[in-house]
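So the structure is just underneath, and the comments pick up after that.
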Amino acid sequence: MNTTAHVVLLVIYTERMEECREFYDALGIRFEREQHGHGPQHHTAVLPDGTVFELYPATAGRPIDRRSISRCTATRRSSTGQFTVRATSDHP
């Protein structure tokens, strides 16, 4: 049997990573530092409602005015415990 969950992913791109993290930390949002493979280091927090909130460094391809809100569906296979994640983005 598979289990499906819907998750909201909010990503903010910033040139001021530590200042942003400190701001949200003051609001009670606790981030963990992450890096996937050779990708950029970033900060991730999971909010009480399950929303995943991430701060990423801005780059030429991801400027500071770009925000990404995605709806994700994660399906967990009970036989293997592995997840399959599908995301749809709300930005153009």
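Position 1 is the first residue of the sequence, and the numbers go up from there.
Note: His42 NE2 to His36 NE2 = 3.5 Å, rounded to the nearest 0.5 Å. Separation of atoms CG (Leu10) and OG1 (Thr51) is listed at 8.0 Å; rounding is to 0.5 Å. Atom NE2 of His43 sits about 11.5 Å away from atom OH of Tyr56, to the nearest 0.5 Å. Put simply, OG1 on Thr44 and CZ on Phe53 are 10.5 Å apart, with the number rounded to the nearest 0.5 Å.
Applying the ring-ring contact (aromatic ring centres under 6.0 Å, His included) rule to His38 yields no partners; only residues at least two apart in sequence or on another chain are considered.
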Show me the donor-acceptor pairs within less than 3.5 Å that the side chains of residues 24-32 make with the rest of the protein, sequence neighbours left out.
{"from": "Asp25", "atom 1": "OD1", "to": "Arg30", "atom 2": "NH1", "distance (Å)": "2.8"}
{"from": "Arg30", "atom 1": "NH1", "to": "Asp25", "atom 2": "O", "distance (Å)": "2.6"}

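For residues 33-53, the salt bridge (Lys or Arg N to Asp or Glu O under 4.0 Å) pairs, not counting sequence neighbours, are Glu18-Arg33.
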(message) As a quick check of understanding, evaluate side chain to side chain contact (heavy atoms under 4.5 Å, CB included) for Tyr13 and Thr59, giving each step before the final call.
(response) CA-CA 8 Å; Tyr13 297 92; Thr59 64; over 6 Å; no
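Taking each heavy atom of Gln41 and Pro57 in turn, the nearest pair found is O-CD, 3.4 Å.
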